[in-house]
Amino acid sequence: MIPYGHHSINDDDIAAVVSALKSDRLTTGPLVEKFELALEKVAGAPCIAVSSGTAALHCAYAAIGLGPGDEVITPPITFVATQATAALFGATIVFADVQSDTANIDPQAVEAAITSRTKAIVAVDYAGHPADLDELRSIADKYGIYLIEDAAHSIGSSYKGRPVGSIADITTFSFFPTKNLTTGEGGAVASIHPELLEKAKRFSRQGLVRNPVEFRIKDQGLWHQEVHEFGLNYRLPDVLCALGISQLNHLNEFKDKRNTIFETYKRHLQDLIEVQLPSQRSFTSVNWHLFPIRVNSIKRNFLFNNLRAAGIGVQVNYIPAYWHPVFQNLGYKKGQYPVSDSFFASEISLPMSFALSEEQMHKVVKVAKSI
Ligand SMILES: Cc1ncc(COP(=O)(O)O)c(C=O)c1O
């Protein structure tokens, strides 16, 4: 089976991990900050490393003080971690439909969903393509709410010359193996606001306060530390930070290869009138995570099943989040977000990874065309 996504690990990555394993610190050591500084160069804002993209989202919501009664506006076309981590704080999940071309959240639908309880707009950069960040930024500023960007797919992408990570109030990344770079499991939070990043960091490190200036219990010894608000352990160990630092050295190469695959698929599939290819805004530079094609929804399952049967590891991204029983239990009904539903019904993600060979790419095209 040609996998729809796959990590790419080279000898430098392996040497970096081995060296971390032989060092004094497997976790909470110097490689964490080194990785965070390397990430900052790509994201254009200070970052903290955490243990997954899900953890990064949880930290982002902790940083803005999300709680019961707050509403967050999210797109249905995403992995449900975007919503789950907000729901766990007791927030109400509000959906705004997506745009039919990019499958990113539609700014008009966002504005229509705003209420006095809205605390944040959460955009997802579907397939690696940045959401309409300027429009979303002005809505967030108009209503005095936060803009959070779930950039699990889009590290290395940019919007109007600005890197993903430097625009939203808080941006979150995932380094799962199918993503644009990997640490096995891992993620990061970037923020243009130092105080929000500090809150995210504290939440990810058990809520521990170690700065004596902030202590509420005085006259203790050097052992002293306090918890003022609960946190969790979302640390990324040095061993995985070593892998991340090494992977970041290849990010441009990864992006170039993903773009080559994107262009190759586009060139070979554009004459199939029944296939709608992904579109790109002219002012974006995209580190493509997925290659989502769309076909008539009656033919989608036929094409999907036949591609799988021919050894092509296609995927469907995503079942609309509000279809999950956990949301249906809350009263959401299929059909409420028709653009998302029709995107889901017609979408197939073709294999896309740095590891994909020229031969595999052409096999995908040939088999897809023949079906
Ligand atoms: C859009 C989106 N958000 C969040 C996540 C969660 O990331 P992780 O798997 O690293 O927890 C994913 C991963 O699949 C994702 O695709």
Chemist: Under 6.0 Å from the CG atom of Asn329, do we count more than 12 heavy atoms belonging to anything else shown?
Modeler: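 More than 12 within 6.0 Å, yes.
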Chemist: Can you tell me if Lys218 has over 12 outside heavy atoms packed within less than 6.0 Å of its NZ?
Modeler: yes
Chemist: Identify which one of Leu290, Asn104, Asp101 satisfies the side-chain contact (heavy atoms from CB on, under 4.5 Å) criterion when paired with His129.
Modeler: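 By the side-chain contact (heavy atoms from CB on, under 4.5 Å) criterion, His129 pairs with just one of Leu290, Asn104, Asp101: Asn104.
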Chemist: Is there a donor in the side chain of Asp13 and an acceptor in the side chain of Gln247, or the other way round, less than 3.5 Å apart?
Modeler: yes
Chemist: Whether the side chain of Lys334 engages the backbone of Trp323 through a donor-acceptor N/O pair (distance < 3.5 Å, no angle test) should be reported.
Modeler: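 No, Lys334 side chain to Trp323 backbone: no donor-acceptor pair under 3.5 Å.
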Chemist: Would you sort out whether Phe35 and Leu248 count as a side chain to side chain contact (heavy atoms under 4.5 Å, CB included), showing the intermediate values?
Modeler: CA-CA 9 Å; Phe35 183 39; Leu248 274 175; 3.7 Å; yes
Chemist: Is the NZ atom of Lys299 crowded by more than 12 outside heavy atoms at less than 6.0 Å?
Modeler: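 12 or below, so no.
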Chemist: Roughly how far apart are Cys59 SG and Leu197 CG, rounded to 0.5 Å?
Modeler: 9.5 Å
Chemist: Begin with the C-alpha distance, continue with both residues' side-chain angles, and end with the deciding distance and a verdict on ring pair (Phe, Tyr, Trp, His ring centres under 6.0 Å) for Tyr265 and Phe291.
Modeler: CA-CA 8 Å; Tyr265 280 158; Phe291 190 88; 4.9 Å; yes
Chemist: Between Tyr322 and Asp341, do the side chains contain a donor N or O and an acceptor N or O under 3.5 Å apart?
Modeler: yes
Chemist: Inspect the contact between Glu214 and Arg202 and indicate whether a charged nitrogen and a carboxylate oxygen are less than 4.0 angstrom apart.
Modeler: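 Salt bridge flag = yes for Glu214 with Arg202.
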Chemist: Is Ile48 reachable from Leu232 through a run of hydrophobic residues whose side-chain heavy atoms are each under 4.5 Å from the next?
Modeler: yes
Chemist: List the atom of Ser342, the atom of Ser346, and the distance in Å for their closest heavy-atom pair.
Modeler: O-OG, 2.9 Å
Chemist: Using only heavy-atom distances, determine whether the side chains of His153 and Tyr126 contain a donor-acceptor pair under 3.5 Å.
Modeler: no
Chemist: Aromatic contact between Phe203 and His58, with the criterion being ring centroids under 6.0 Å apart: yes or no?
Modeler: yes
Chemist: How long is the gap from CG on Leu39 to CD1 on Ile245, to the nearest 0.5 Å?
Modeler: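 That separation rounds to 9.0 Å.
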Chemist: If we ignore angles and hydrogens, is there a donor and acceptor under 3.5 Å between the side chains of Lys257 and Ser353?
Modeler: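 No, Ser353 and Lys257 have no side-chain donor paired with an acceptor closer than 3.5 Å.
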Chemist: Got more than 12 heavy atoms from elsewhere within 6.0 Å of CZ, Arg117?
Modeler: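 Result for CZ/Arg117: open.
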Chemist: Would you find more than 12 non-hydrogen atoms of other residues, nucleotides or ligands less than 6.0 Å from Gln328 atom CD?
Modeler: yes
Chemist: Would you check if there is a donor-acceptor pair between the side chains of Glu111 and Tyr143 at a distance under 3.5 Å?
Modeler: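 Judged by distance alone, the side chains do pair up.
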Chemist: Any donor-acceptor pair under 3.5 Å linking the side chain of Asn305 with the backbone of Phe302?
Modeler: no
Chemist: Is there a donor-acceptor contact under 3.5 Å linking the side chains of Ser349 and Asn317?
Modeler: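 Their side chains do contain a donor-acceptor pair, which is all the 3.5 Å distance test asks for.
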Chemist: For the backbone of Ala131 and the side chain of Asp125, can you confirm whether one donor and one acceptor N or O come within less than 3.5 Å of each other?
Modeler: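 Judged by distance alone, yes, a pair lies under 3.5 Å.
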Chemist: Can you tell me how far apart OG1 (Thr260) and CG (Leu356) are? Round to the nearest 0.5 Å.
Modeler: 11.0 Å
Chemist: Quick check on Asp24: does its CG atom have over 12 non-hydrogen neighbours (other residues, nucleotides or ligands) under 6.0 Å away?
Modeler: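 For Asp24, atom CG is not crowded (no more than 12 foreign heavy atoms under 6.0 Å).
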Chemist: Examine Ile93 and Phe79 and state if one hydrophobic cluster contains both, with Ile, Leu, Val, Met, Phe, Trp and Tyr joined whenever side-chain heavy atoms are less than 4.5 Å apart.
Modeler: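 Ile93 clusters together with Phe79.
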Chemist: I'd like to know if Lys199 pairs up with Glu229 as an ion pair, taking the criterion as any Lys NZ or Arg NE/NH1/NH2 lying under 4.0 Å from an Asp or Glu carboxylate oxygen.
Modeler: no
Chemist: Using only heavy-atom distances, determine whether the side chains of Asp150 and Thr82 contain a donor-acceptor pair under 3.5 Å.
Modeler: yes
Chemist: For the pair Trp288 and Gln280, evaluate side chain to side chain contact (heavy atoms under 4.5 Å, CB included) and give the outcome as yes or no after the intermediate values.
Modeler: CA-CA 10 Å; Trp288 289 101; Gln280 181 178 359; 3.9 Å; yes
Chemist: Are Ile348 and Ile2 connected into the same hydrophobic cluster when the rule is that any two of I, L, V, M, F, W, Y join if their side-chain heavy atoms are below 4.5 Å apart?
Modeler: yes
Chemist: Do you reckon Val122 sits in the same ILVMFWY cluster as Ile145, going by side-chain contacts under 4.5 Å, direct or chained?
Modeler: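 Val122 and Ile145: separate clusters.
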Chemist: Testing the 3.5 Å rule here: is there a donor-acceptor pair between the side chains of Asp132 and Gln99?
Modeler: yes
Chemist: Do Arg216 and Glu226 sit within salt-bridge range, that is, some charged N less than 4.0 Å from a carboxylate O?
Modeler: no
Chemist: In this structure, are over 12 heavy atoms from other groups packed under 6.0 Å from Lys201 atom NZ?
Modeler: no
Chemist: Does Gln206, at its CD atom, have more than 12 non-hydrogen atoms belonging to other residues, nucleotides or ligands within less than 6.0 Å?
Modeler: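 Enclosed: over 12 neighbouring heavy atoms sit under 6.0 Å from CD of Gln206.
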Chemist: Between Thr85 and Ala81 (side chain of the first, backbone of the second, donor and acceptor by atom type, cut-off under 3.5 Å), is there such a pair?
Modeler: yes
Chemist: Considering only NZ, NE, NH1 and NH2 on the basic side and carboxylate oxygens on the acidic side, decide whether Lys34 and Asp238 come within less than 4.0 Å.
Modeler: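 The answer is no: the pair does not qualify as a salt bridge.
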Chemist: Main chain of Gln360, side chain of Ser357: is a donor-acceptor contact present, judged purely on distance under 3.5 Å?
Modeler: yes
Chemist: Within 45 degrees of the ring normal and closer than 6.0 Å to the centroid, is that where the cationic atom of Arg294 sits relative to Phe344?
Modeler: no
Chemist: Apply side chain to side chain contact (heavy atoms under 4.5 Å, CB included) to the pair Gln83 and Thr78, showing each step before the final yes or no.
Modeler: CA-CA 9 Å; Gln83 287 90 11; Thr78 183; 3.5 Å; yes
Chemist: Any ion pair linking Lys160 and Asp134 (charged N to carboxylate O, less than 4.0 Å)?
Modeler: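 Salt bridge flag = yes for Lys160 with Asp134.
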Chemist: Would you call the rings of Phe95 and Phe327 parallel, tilted or perpendicular, where under 30° means parallel and over 60° means perpendicular?
Modeler: perpendicular
